2 protein chains.
Amino acid sequence: MSDTQVGDSLLFLTDEQLRQGIEAVFFAYQGFTAAPDLVLEGTQYGRAHHRALHFIARAEGMKVTRLLTILGVTKQSLNRVLRTLIEDGLVESRVGRADKRERHLFLTPEGAALESRLSGAQRKRMRAAYRQAGPEAVAGFRQVLEALMDPEQHRTYMSLREGKS
Amino acid sequence: MSDTQVGDSLLFLTDEQLRQGIEAVFFAYQGFTAAPDLVLEGTQYGRAHHRALHFIARAEGMKVTRLLTILGVTKQSLNRVLRTLIEDGLVESRVGRADKRERHLFLTPEGAALESRLSGAQRKRMRAAYRQAGPEAVAGFRQVLEALMDPEQHRTYMSLREGKS
DNA sequence: CTTGGAATGTCAACAAGCCTGACTTATTTT
DNA sequence: AAAATAAGTCAGGCTTGTTGACATTCCAAG
């Protein structure tokens with residue numbers, strides 16, 4: 001297709017525009033993780049622990065398998081993280097009532113406290129960016145992010161929002 | 001401030017909305033890196049090599065220090081990556097003419113070929129998302145990403161676009 | 001002109017985090 | 001009883017990041 005056919009409306013799909021978008025994601029992601037990373041420095045934990053805490057807080061009672069698919073890591077990798085969180089009393093693992101093979105994960109008060117500090121730092125950052133960009137930009141932001149996800153990741157993303165505004 | 005004061009216009013700043021945005025970034029970033037990761041699997045390199053190749057391609061003749069600030073890693077970490085790329089003949093390091101302490105980085109034809117494959121895969125993914133979301137959404141996407149960057153990162157980001165559309 | 005500080009880049013050793021593969025235990029389903 | 005599922009473990013390896021020590025080069029103050 002020629003330039004005259006596509007017109008100006010598709011100029012946002014040029015290689016240069018896409019390259020700028022890619023770099024924007026890269027730099028923004030650095031800013032995105034900076035705030036919780038600062039909180040983590042004062043603890044013995046890393047990003048992997050943060051992610052686990054976030055999603056357990058998001059859906060209390062979550063099974064280990066669910067967490068595995070969400071995080072997209074291997075069982076061994078998650079298990080090391082989970083073990084330390086359980087040993088340190090931040091997460092509680094309860095045997096399933098219906099199916100005793102399953103373990104359901106909950107935050108202890110200590111775990112909830114740390115998760116709250118991490119989440120608060122990240123939300124603060126996010127809120128500042130949202131406020132600066134405005135509601136319409138945020139709507140577009142969300143649209144592109146959703147389009148960027150794998151279909152499977154998108155399904156997981158949507159499923160976490162059930163019953164929430 | 002009360003709900004009646006702020007009205008509906010600030011509902012996008014609620015904790016729940018911010019949390020969803022945070023999760024969207026998380027899942028989208030997985031999709032964002034998936035395409036080049038597939039290309040990398042066929043090579044002996046990792047994401048760190050991809051990032052270095054990307055920015056060297058972006059600004060040929062770039063100094064090592066510049067690359068350090070862009071990537072936000074220690075010079076030792078970058079050096080290992082750079083050393084293998086140079087040894088394998090993907091990157092060329094030339095001593096600075098004015099200042100002989102400096103090393104200027106260039107892609108060899110082989111390096112440019114790999115960079116092109118990586119970049120092409122990622123742009124394809126990005127283009128699909130952009131096309132699906134539309135130009136207005138993309139504009140908002142870029143606005144929020146820029147607001148999410150650290151001021152320093154934002155300066156770096158802008159400086160890479162000098163002379164480009 | 002020289003000397004000391006600053007900047008640039010390199011090397012060595014080590015830690016964090018994630019991966020694969022093989023295996024165990026307990027439980028549920030067929 | 002056999003197969004499948006959920007969770008957890010052990011061993012070993014790779015990538016990416018870290019800190020600390022060091023060589024080279026440049027520049028500016030004495």
Side-chain angles (χ1 to χ4, degrees), chain A residues 26 29-30 33-34 36-38 40-54 56 61-88 91-106, chain B residues 26 29-30 33-34 36-56 61-88 90-106 118:
Chain A
F26 172 73
Y29 198 78
Q30 286 185 353
T33 53
D37 281 357
L38 268 182
L40 287 168
E41 264 180 26
T43 75
Q44 50 181 143
Y45 307 112
R47 280 189 199 175
H49 302 85
H50 175 198
R51 289 194 284 264
L53 289 174
H54 174 100
I56 295 173
M62 174 177 281
K63 289 181 293 179
V64 172
T65 306
R66 181 92 197 286
L67 199 48
L68 277 175
T69 53
I70 288 176
L71 297 177
V73 297
T74 58
K75 195 166 45 159
Q76 296 83 340
S77 203
L78 175 59
N79 202 255
R80 178 164 15 87
V81 167
L82 230 38
R83 199 184 339 175
T84 65
L85 289 175
I86 291 170
E87 280 171 3
D88 295 353
V91 168
E92 191 188 345
S93 168
R94 298 183 203 154
V95 173
R97 271 188 310 179
D99 187 333
K100 291 177 190 164
R101 293 173 303 180
E102 298 175 344
R103 299 292 137 82
H104 298 270
L105 302 170
F106 299 85
Chain B
F26 172 73
Y29 198 79
Q30 288 186 351
T33 54
D37 281 357
L38 269 181
V39 177
L40 288 168
E41 267 182 23
T43 75
Q44 51 182 144
Y45 306 113
R47 279 188 201 176
H49 302 87
H50 175 200
R51 290 195 284 263
L53 289 174
H54 174 100
F55 287 109
I56 295 173
M62 173 176 280
K63 291 181 292 179
V64 172
T65 304
R66 182 91 198 287
L67 200 47
L68 277 175
T69 53
I70 289 176
L71 297 177
V73 298
T74 60
K75 57 184 173 175
Q76 294 82 344
S77 194
L78 174 59
N79 199 255
R80 177 163 10 89
V81 167
L82 231 37
R83 197 186 335 169
T84 66
L85 290 175
I86 292 169
E87 281 171 2
D88 296 352
L90 300 184
V91 168
E92 193 188 344
S93 168
R94 298 184 204 155
V95 173
R97 271 188 310 179
D99 188 334
K100 291 178 189 163
R101 292 172 302 180
E102 299 175 345
R103 299 288 186 279
H104 297 271
L105 302 170
F106 299 85
L118 289 165

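Every chain is numbered from 1 and lettered A, B, ... according to where its sequence line falls, protein lines coming before strand lines. Given the structure is predicted, the values throughout are model-derived calculations rather than measurements.
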A side-chain contact here means heavy atoms from C-beta on lying under 4.5 Å apart; do Tyr45(A) and Leu53(A) qualify?
no
Shortest non-hydrogen contact from [X] toward [Y]:
X: Leu68(A); Y: Leu78(A); value: CD2-CD2, 3.5 Å
X: Gln30(A); Y: Ile70(B); value: NE2-O, 3.7 Å
X: Ala52(A); Y: Leu85(A); value: CB-CD1, 4.2 Å

Pick the nucleotide of DNA chain C nearest each of Asp99(A) and Arg51(A); which residue has the one closer to the 5' end?
Arg51(A)
When you match Leu78(A) and Val64(B) each to their closest nucleotide on DNA chain C, which lands nearer the 5' end?
Val64(B)
Going from [atom1] on [X] to [atom2] on [Y], what distance comes out if it is rounded to the nearest 0.5 angstrom?
X: His50(B); Y: Thr43(B); atom1: NE2; atom2: OG1; answer: 10.5 Å
X: Thr69(B); Y: Phe55(B); atom1: OG1; atom2: CZ; answer: 10.0 Å
X: Lys63(B); Y: His104(B); atom1: NZ; atom2: NE2; answer: 6.5 Å

So the side chain to side chain donor-acceptor pair (under 3.5 Å) pairs with at least one residue in residues 70-84 of chain B (sequence neighbours excluded) are His49(B)-Thr84(B)
For [X], answer base if it contacts any base atom (sugar-phosphate contacts may also be present), sugar-phosphate if it contacts only those atoms, and nothing otherwise; contact means non-hydrogen atoms under 4.0 Å.
X: Gly72(A); value: sugar-phosphate
X: Ser77(A); value: base
X: His49(B); value: sugar-phosphate
X: Arg47(B); value: sugar-phosphate
X: Arg83(A); value: sugar-phosphate
X: Arg66(A); value: nothing

Expressed in angstrom and rounded to an integer, what is the separation of [X] atom [atom1] from [N] atom [atom2]?
X: Lys75(B); N: dT24(D); atom1: NZ; atom2: C1'; answer: 12 Å
X: Arg80(A); N: dA11(D); atom1: CZ; atom2: P; answer: 14 Å
X: Gln76(B); N: dT18(D); atom1: CD; atom2: P; answer: 8 Å
X: Leu68(A); N: dT5(D); atom1: CG; atom2: P; answer: 15 Å
X: Ile86(A); N: dG8(D); atom1: CD1; atom2: C1'; answer: 10 Å
X: Glu41(A); N: dT18(D); atom1: CD; atom2: P; answer: 11 Å
X: Leu82(B); N: dG17(D); atom1: CG; atom2: C1'; answer: 15 Å
X: Lys63(A); N: dT5(D); atom1: NZ; atom2: P; answer: 13 Å

Outermost nucleotides of DNA chain C that come under 4.0 Å of a non-hydrogen atom of chain A:
dG17(C) to dT28(C)
Compare side-chain N and O positions of Arg101(A) against OP1 and OP2 of dG8(D) and report whether any pair is under 4.0 Å apart.
no
Does Thr74(B) have a side-chain nitrogen or oxygen under 4.0 Å from the phosphate oxygens OP1 or OP2 of dT18(D)?
yes
